[in-house]
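Just below is one structure, and these are the notes that go with it.
All heavy atoms count here, side chains included; hydrogens, waters and symmetry mates do not.
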Amino acid sequence: MEKRSNHTRLSKKILSLILCTLLITGCTDISLGDKNDGNSQDVDTSSEEQSQDTESVTDADEHNESETDDSKSSLTSTSLVASSTDNEDGTGKADKNSKDSKDSKDSKDSKDNKDSKDSKAGSAAEDENIFAIMPDFFYFSSGAGGWSTDITISEDGSFDGSYYDSDMGDTGEGYPNGTMYVCDFTGKFDVPQPTDDEYIYTTKLLELTLRDADKVGTTEIEDDTRYIYTEPYGFDDADEFLIYLPGASLSAMTEECLSWVDVRMDGIEKLPVDYYVLYNVGGAEAFNGIKDDSIWTQDFQYQYGDAYVNFSPAYYMGSHFSFFVDNDSPAALSLSIPWDGVSEETMECEESWESDPETYYVTIKKKDDETYIITVEGISDKEFDFSPWGGTEPGKFSAEFVLIESD
């Protein structure tokens, strides 16, 4: 009886375990079912979004791949360009052909600038505007008497001019101050053309107009002076004109031309620096022109206490070099220097205004636009005392001369 009862209790326990297992399994299925039922749409949507994301990723990958290809292409192009400027050894130095090309361009630019400057120095190119490098003011005068014809030339060859000739001794009733011959005019020259000589150009007179042409030959009295209207001297039979640039040989000029040129220095064979001549071939009359900022328009001085030395460049009778002990004394020594305005070669010079002049070596060297270094050494007189001017050796002198500023 008791054995059966134990069996019965065991059977009940086994049945209870089976029932619990079934219950737990059912609950789990129900829970899972409920969860799946509630989120099935979300799962589907998530799957769709995942699919779209996958497509986007695919497209992005393709786009990135395309950009990568483009980048590779760009990099390849850049590499090709870089390789064209690199040497074979990969040092990154400029390719010789590229450097040669740059050097060639730089050399050409430098040469063009030099040629332009050289052309203006005297050997101008055929298309060079000679009027642009010439002085604008030219004068025609003998240096004796009170007459002159002056012209001012523009870069296009046009000019304004005036002629006057005063005769203060030619007086009469109503004009006690004398007589004046006058003429105002305008004109124009043609474009200058080169000749076989690089320092000589030729031009033509295109027009000449007298401002008071209707008064030529008539007389007026004004301010106690008689004025006679006339034609301009210097334009007689005017047609061809020759232009002589600095460096032109004086031997290339006719005697008539030379008679009007103011260069009178001994030993000078060419027109000095900054000096131009405009020669009327038909009338055998020559106009002279000097640049405003020329060495010939300047004076220089060296000061040593009360003593001083003046250096006056001149193209007419030569430059002068004069030593003064003070302002109240005459020149202790004055030298005549046949200087062309640029040469730094040693010159043999003589004392000025002496019947039996002593001789000296003189050297003039340009330091800058306002300073010249001048050296003097005695030849015939090796003992001249230059100590008042700072000289430390007999017969020898050297100093810097500075530009005297004009008032």
Side-chain angles (χ1 to χ4, degrees), residues 122 124 126-167 179-219 227-246 248-263 271 274-291:
E126 290 189 10
D127 58 349
E128 179 66 61
N129 183 2
I130 298 301
F131 290 127
I133 67 172
M134 289 168 50
D136 54 2
F137 178 77
F138 280 77
Y139 65 91
F140 170 56
S141 179
S142 66
W147 70 271
S148 180
T149 302
D150 305 327
I151 58 175
T152 302
I153 308 175
S154 300
E155 291 187 7
D156 64 354
S158 60
F159 60 87
D160 289 303
S162 64
Y163 162 69
Y164 69 89
D165 181 7
S166 61
D167 186 351
T179 299
M180 180 83 71
Y181 295 86
V182 294
C183 178
D184 292 327
F185 55 92
T186 62
K188 186 170 184 178
F189 293 111
D190 198 359
V191 177
Q193 300 297 320
T195 66
D196 292 338
D197 189 318
E198 63 178 342
Y199 296 102
I200 304 175
Y201 280 71
T202 181
T203 185
K204 293 280 189 179
L205 179 65
L206 298 180
E207 59 184 68
L208 182 67
T209 303
L210 277 58
R211 285 201 172 95
D212 297 310
D214 57 330
K215 292 184 178 182
V216 172
T218 66
T219 300
Y227 292 93
I228 300 176
Y229 292 92
T230 184
E231 295 183 349
Y233 191 21
F235 286 88
D236 299 326
D237 299 322
D239 179 26
E240 181 186 14
F241 280 74
L242 294 178
I243 301 172
Y244 295 90
L245 308 183
S249 175
L250 298 181
S251 63
M253 301 179 183
T254 64
E255 289 297 325
E256 291 81 4
C257 180
L258 283 173
S259 67
W260 298 109
V261 175
D262 286 339
V263 178
L271 280 183
D274 299 331
Y275 195 111
Y276 296 74
V277 172
L278 180 63
Y279 179 57
N280 174 11
V281 177
E285 299 149 340
F287 291 76
N288 300 268
I290 309 297
K291 286 195 171 182

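Other residues, nucleotides and ligands place more than 12 heavy atoms under 6.0 Å from the CD atom of Glu207.
The CD1 atom of Ile130 sits 12.0 Å away from atom OG1 of Thr202, with the distance rounded to the nearest 0.5 Å. Between the CD atom in Glu285 and the CZ atom in Phe241 there is a gap of 8.0 Å [rounded to 0.5 Å]. Ile243 CD1 to Gln193 CD: the interatomic distance, rounded to the nearest 0.5 Å, is 10.0 Å. Rounded to the nearest 0.5 angstrom, Tyr181 OH and Ile228 CD1 are separated by 4.0 Å. To the nearest 0.5 Å, atoms CZ (Phe159) and CG (Leu205) are separated by 5.5 Å. Atoms OG and CG, on Ser141 and Asp262 in that order, are 8.0 Å from each other to the nearest 0.5 Å.
By the side chain to side chain donor-acceptor pair (under 3.5 Å) test, Lys188 is found to be paired with no residue, residues two or more places apart in sequence or in another chain being considered. By the side chain to side chain donor-acceptor pair (under 3.5 Å) test, Asp190 is found to be paired with no residue, residues two or more places apart in sequence or in another chain being considered. Annotation: side chain to side chain donor-acceptor pair (under 3.5 Å) contacts of Tyr229 (sequence neighbours excluded): Glu220. Every side chain to side chain donor-acceptor pair (under 3.5 Å) that Asp274 has, sequence neighbours left out, goes to Ser294.
Tested against Phe287, the residues Phe140, Phe137, Phe138 include a single ring-ring contact (aromatic ring centres under 6.0 Å, His included) partner, Phe140.
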Q: Walk me through it: do Tyr199 and Leu271 pass the test side chain to side chain contact (heavy atoms under 4.5 Å, CB included)?
A: CA-CA 10 Å; Tyr199 296 102; Leu271 280 183; over 6 Å; no
**Q.** Worked verdict on Asp184 versus Lys215 for salt bridge (charged side-chain N to carboxylate O under 4.0 Å, His left out)
**A.** CA-CA 11 Å; Asp184 292 327; Lys215 292 184 178 182; over 6 Å; no
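No side-chain heavy atom of Tyr164 sits under 4.5 Å from any side-chain heavy atom of Cys183. Leu208 is not listed as a side-chain neighbour of Glu231, based on a closest heavy-atom distance of 4.5 Å or more. In this structure, the side chains of Pro192 and Phe131 come closer than 4.5 Å at one or more pairs of heavy atoms. Using a 4.5 Å cut-off on side-chain heavy atoms (C-beta onward), Ile200 and Leu245 make no contact. A heavy-atom distance below 4.5 Å is not found between the side chains of Trp260 and Asn280.
For residues 234-244, the set of pairs meeting the salt bridge (charged side-chain N to carboxylate O under 4.0 Å, His left out) definition, not counting sequence neighbours, comprises Lys204-Asp239.
Counting all heavy atoms, side chain and backbone alike, Pro232 lies closest to Phe185 at CB-CE2, 3.4 Å. Considering all non-hydrogen atoms of both residues, Val182 and Tyr227 come closest at CG1-CD2, 4.0 Å.
Side-chain atoms of Lys291 never come within 3.5 Å of backbone atoms of Tyr276 as a donor-acceptor pair (strictly under, hydrogens ignored). For the pair Tyr244 (side chain) and Tyr279 (backbone), a donor-acceptor distance under 3.5 Å is absent.
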Pair up each side-chain donor or acceptor in residues 148-155 with any protein partner under 3.5 Å, not counting sequence neighbours, and list the distances.
from, atom 1, to, atom 2, distance (Å)
Ser148, OG, Asp150, OD1, 2.7
Thr149, OG1, Tyr233, O, 2.7

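For the residue pair Ser158 and Asp156, a side-chain donor N or O sits within less than 3.5 Å of a side-chain acceptor on the partner.
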